Amino acid sequence: MSAPKKLFIKTYGCQMNVYDSERMAEALGGEGYVETKTADDADMILLNTCHIREKAAEKVYSELGRFKGLKAEKPDLKIGVAGCVAQAEGAEIMRRQPLVDLVVGPQSYHRLPEMETKARKGEKVLDTDFPEEDKFEQLKRRPKAKRGPTAFLTVQEGCDKFCAFCVVPYTRGAEVSRPADRILTEARDLVERGVREITLLGQNVNAYHGAGPTGDLTLAQLIWELDKVDGLERIRFTTSHPNDMMDDLIEAHGTCKKLMPYLHLPVQAGSDKILKRMNRSHTAESYLRLLERIRAARPDILISGDFIVGFPEESEADFQATLDLVEEVKYGTAYSFKYSPRPGTPAAERTQVDPAEAVDRLQRLQALLTRQQREIQDSMVGREVGVLFEKPGRFAGQMLGKSDYLHAVHVADCSRKIGDLARVRIVSSGTNSLAGELIE
Ligand code: SAM
Ligand code: SF4
């Protein structure tokens with residue numbers, strides 16, 4: 001028997017890319033590949049790229065440049081670029097960096113095995129189609145091997161919202177939902193492999209409307225179906241758009257025990273003028289009223305968000321409106337970015353904010369968000385929370401896990417093992433994690 005070929009995948013960007021990388025590794029597993037943690041001993045290197053912010057493509061080219069020596073030593077080494085930069089740049093990648101053998105977009109990676117065979121024969125292969133066939137239908141059922149207790153599961157892809165700053169509708173294509181029965185089968189398979197927590201993924205996950213036995217299911221209906229899966233203990237979902245936060249989903253946050261009290265609900269900005277120019281189709285006020293309803297259903301829910309500062313024509317007063325909104329909401333976690341003009345998107349053509357001003361605003365926003373995050377983390381001390389243990393800690397007997405609210409928690413002298421869910425009392429709050437002790 002020949003030794004397995006080794007595959008090194010480097011993943012950039014969001015959780016959807018993490019999920020895609022797993023599926024790509026599984027698809028190539030059928031061709032005799034096993035994953036390796038270093039590029040040095042790989043027979044194939046795949047960069048699964050992200051195009052959401054500036055210099056993404058440049059980073060990929062500089063990373064590729066570093067493989068020149070490896071390729072010279074090992075001419076059989078195959079190098080591929082996948083993900084959103086592959087989609088956006090296409091054949092340009094091979095023109096600028098001839099050591100690349102294959103380029104595959106996010107909607108066609110089910111064709112990787114055939115592409116790999118062609119690349120092995122010395123062909124240069126490019127596939128950035130949005131194929132008629134559904135990649136999820138074409139991918140083989142996932143392997144049965146044991147795995148860690150948490151997993152991502154893509155249920156919806158693409159976006160039809162066209163926010164003025166965002167490349168997703170161009171790189172990932174139109175919004176598509178997977179049929180519910182396929183998701184449920186994948187979820188049951190994951191649970192058999194040791195998974196206890198599933199995070200449902202989608203660029204606009206709460207717009208989910210996949211086919212069910214008697215018509216389309218909403219995300220809440222899908223969550224209730226998953227709630228029936230024995231052995232699955234926790235359900236999360238990300239990322240949601242405020243306009244798709246339907247009543248049944250809000251209600252599920254109050255009634256579905258497996259649905260965790262955490263919601264990532266990006267608002268992007270606090271000024272209605274800027275929200276309009278972003279084409280967000282919600283206002284600061286409608287977002288705040290929506291949060292009121294969500295908190296009425298689940299008072300302890302931890303809210304997370306995304307923000308963009310320095311969007312074209314953002315004045316100091318507009319930025320102040322973002323700070324005011326943050327003060328009102330109180331975010332448990334948040335991701336904030338300086339606006340980055342993306343070629344081909346409407347906002348890229350507009351008058352840009354002075355870069356030094358944008359940096360200054362980002363720092364001010366992040367200082368406020370960090371303070372809120374700290375306060376909310378500290379407020380967990382003395383509380384009892386559920387913790388799902390994911391791995392051993394740095395010290396003997398210590399275990400690490402995540403709370404219901406997604407805080408990292410460590411427990412010393414812990415009698416529980418990986419995959420156990422336990423009640424824990426939080427005793428102190430550190431820089432990036434909480435310390436707890438088992439109850440009972
Ligand atoms: N679909 C989600 C939504 O509607 O909020 C998130 C999509 S995007 C992958 C993740 C985040 O990246 C966005 O919420 C936004 O804050 C940020 N982002 C997207 N395009 C950006 C740009 N051109 N410049 C800076 N940040 C950007
Ligand atoms: Fe991008 Fe999200 Fe807007 Fe869609 S809703 S265009 S993914 S920011």
Side-chain angles (χ1 to χ4, degrees), residues 11-20 48-57 83-85 87-88 106 152 154-177 199-208 219 237-245 263-271 274-282 284 286-287 290-291 303-314 319 322 325-326 329 331 333-350 352-353 355 358-359 361-362 365-366 369:
T11 308
Y12 301 79
C14 65
Q15 292 114 323
M16 289 195 96
N17 269 10
V18 175
Y19 176 84
D20 289 345
N48 189 12
T49 60
C50 169
H51 202 233
I52 202 81
R53 276 172 293 277
E54 220 169 0
K55 302 203 187 94
C84 294
V85 174
Q87 191 65 43
F152 295 128
T154 295
V155 302
Q156 176 277 332
E157 269 197 290
C159 182
D160 298 336
K161 296 247 177 344
F162 290 93
C163 297
F165 49 81
C166 185
V167 288
V168 167
Y170 311 94
T171 56
R172 291 268 172 174
E175 201 179 287
V176 179
S177 295
T199 303
L200 306 175
L201 298 181
Q203 261 94 23
N204 249 309
V205 73
N206 56 345
Y208 175 82
L219 183 65
F237 60 89
T238 197
T239 291
S240 298
H241 191 287
N243 283 14
D244 293 314
M245 212 57 213
L263 179 65
H264 184 60
L265 194 64
V267 64
Q268 312 296 356
S271 145
I274 295 298
L275 286 170
K276 196 157 197 291
R277 291 186 188 175
M278 286 178 164
N279 194 28
R280 285 293 290 183
S281 61
H282 58 78
S286 68
Y287 177 83
L290 175 62
L291 281 186
I303 301 296
S304 162
D306 286 347
F307 296 90
I308 296 179
V309 301
F311 187 76
E313 297 162 64
E314 182 190 68
F319 173 65
T322 299
L325 178 136
V326 171
V329 172
Y331 286 90
T333 65
Y335 305 87
S336 46
F337 314 99
K338 185 161 73 69
Y339 170 67
S340 158
R342 310 312 294 131
T345 58
E349 311 299 323
R350 302 182 192 157
Q352 304 296 316
V353 166
V359 170
R361 287 180 194 164
L362 185 62
L365 175 63
Q366 288 183 340
L369 289 167

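Counting convention: from 1, in listed order, for ligands and their atoms alike. When a residue number appears, it is its place in the shown sequence, counting from 1. Bear in mind the structure is a predicted one, so any value in this text is a computation, not a measurement.
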For Lys161 and Asp244: C-alpha separation, side-chain torsions, deciding distance, then whether side chain to side chain contact (heavy atoms under 4.5 Å, CB included) applies.
CA-CA 11 Å; Lys161 296 247 177 344; Asp244 293 314; 2.7 Å; yes
- Task: Dump the intermediate steps for side chain to side chain contact (heavy atoms under 4.5 Å, CB included) on Tyr208 and Leu200, then the final yes or no.
- Result: CA-CA 10 Å; Tyr208 175 82; Leu200 306 175; over 6 Å; no
message = Using the rule given for side chain to side chain contact (heavy atoms under 4.5 Å, CB included), can you reason through Tyr287 versus Leu325, listing the C-alpha separation, both sets of side-chain angles and the distance that settles it, and then say yes or no?
response = CA-CA 10 Å; Tyr287 177 83; Leu325 178 136; 4.2 Å; yes
### Query
Can you list the steps and then say if Ile308 with Met278 is a side chain to side chain contact (heavy atoms under 4.5 Å, CB included)?
CA-CA 10 Å; Ile308 296 179; Met278 286 178 164; 4.0 Å; yes
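Looking at heavy atoms from C-beta onward, Ser304 lies in side-chain contact with Tyr335 at the 4.5 angstrom threshold. Residues Val353 and Arg361 meet the side-chain proximity criterion, which asks for heavy atoms closer than 4.5 Å. Under the 4.5 Å side-chain criterion, counting only non-hydrogen atoms from C-beta, Phe307 is in contact with Leu369. Annotation: side chain of Cys14 is not in contact with side chain of Ile52 (no heavy-atom distance under 4.5 Å). The side-chain heavy atoms of Thr238 and Gln15, taken from C-beta on, include a pair separated by under 4.5 Å. By the 4.5 Å heavy-atom criterion applied to side chains, Glu314 and Tyr339 are not counted as neighbours. Here the side chains of Ser340 and Phe337 are not in contact, with every heavy-atom distance at 4.5 Å or above.
Counting protein heavy atoms only, atom 2 (C) of ligand 1 is closest to Thr239 CG2, 3.5 Å. Ranking the protein heavy atoms by distance from atom 24 (N) of ligand 1 puts Ser340 N, 3.0 Å first. Of the protein's heavy atoms, Ile52 CG1, 3.5 Å lies nearest to atom 19 (C) of ligand 1. The protein atom (non-hydrogen) at minimum distance from atom 4 (Fe) of ligand 2 is Cys159 SG, 2.2 Å. Looking from atom 1 (Fe) of ligand 2 to the surrounding protein, the closest heavy atom is Cys166 SG, 2.3 Å. For atom 18 (N) of ligand 1, the closest non-hydrogen atom on the protein side is Arg53 NH1, 3.6 Å. The protein heavy-atom contact nearest to atom 1 (N) of ligand 1 is Gln203 O, 2.6 Å. Among all protein heavy atoms, the one lying closest to atom 3 (Fe) of ligand 2 is Cys163 SG, 2.3 Å. Annotation: atom 4 (O) of ligand 1 to nearest protein heavy atom, Arg280 NH1, 3.3 Å. Looking from atom 11 (C) of ligand 1 to the surrounding protein, the closest heavy atom is Asp306 OD2, 3.3 Å. Looking only at protein heavy atoms, the nearest one to atom 25 (C) of ligand 1 is Lys338 O, 3.5 Å.
Using a 4.0 Å cut-off to heavy atoms of Asn204, the atoms of ligand 2 that qualify are 4 (Fe), 5 (S). Heavy-atom proximity to Phe162, at under 4.0 Å, picks out these atoms of ligand 2: 6 (S). Each of the following atoms of ligand 1 lies closer than 4.0 Å to a heavy atom of Arg342: 23 (N). The distance from ligand 1 to the heavy atoms of Gln268 drops below 4.0 Å at these ligand atoms: 5 (O), 13 (C), 14 (O), 15 (C), 16 (O). Those atoms of ligand 2 that come under 4.0 Å of a heavy atom in Phe165, given as number and element, are 8 (S). Each of the atoms 5 (S) of ligand 2 lies under 4.0 Å from some heavy atom of His241. Taking a cut-off of under 4.0 Å to the non-hydrogen atoms of Phe165, the atoms of ligand 1 that pass are 19 (C), 20 (N), 21 (C), 22 (C), 23 (N). Listed by number with element, the atoms of ligand 1 under 4.0 Å from a non-hydrogen atom of Pro266 are 5 (O). In summary, the atoms of ligand 2 found under 4.0 Å from a heavy atom of Pro169, numbered by their order in the structure, are 6 (S).
In terms of modelled atom types and a separation under 3.5 Å, the side chain of Asn204 and the main chain of Cys159 share no donor-acceptor contact.
Residue nearest to atom 7 (S) of ligand 2, selected from Asp160, Val167, Val168: Val168 (by heavy-atom distance).
Shown here, atom 7 (C) of ligand 1 is out of close reach of the protein: none of its heavy atoms lies under 4.0 Å off.
In His264, neither the side chain nor the backbone holds a heavy atom less than 4.0 Å from any atom of ligand 1.
Look at Arg172 and you'll find every heavy atom at least 4.0 Å from all atoms of ligand 1. Remark: distances from the non-hydrogen atoms of Lys161 to ligand 1 are all 4.0 Å or more.
In this structure, Arg277 forms no cation-pi arrangement with Phe311, as its terminal cationic atom is not both closer than 6.0 Å to the ring centre and no more than 45° off the ring axis.
Inclusion of His241 in the set of residues having an N or O under 3.5 Å from an N or O of ligand 1 is not warranted.
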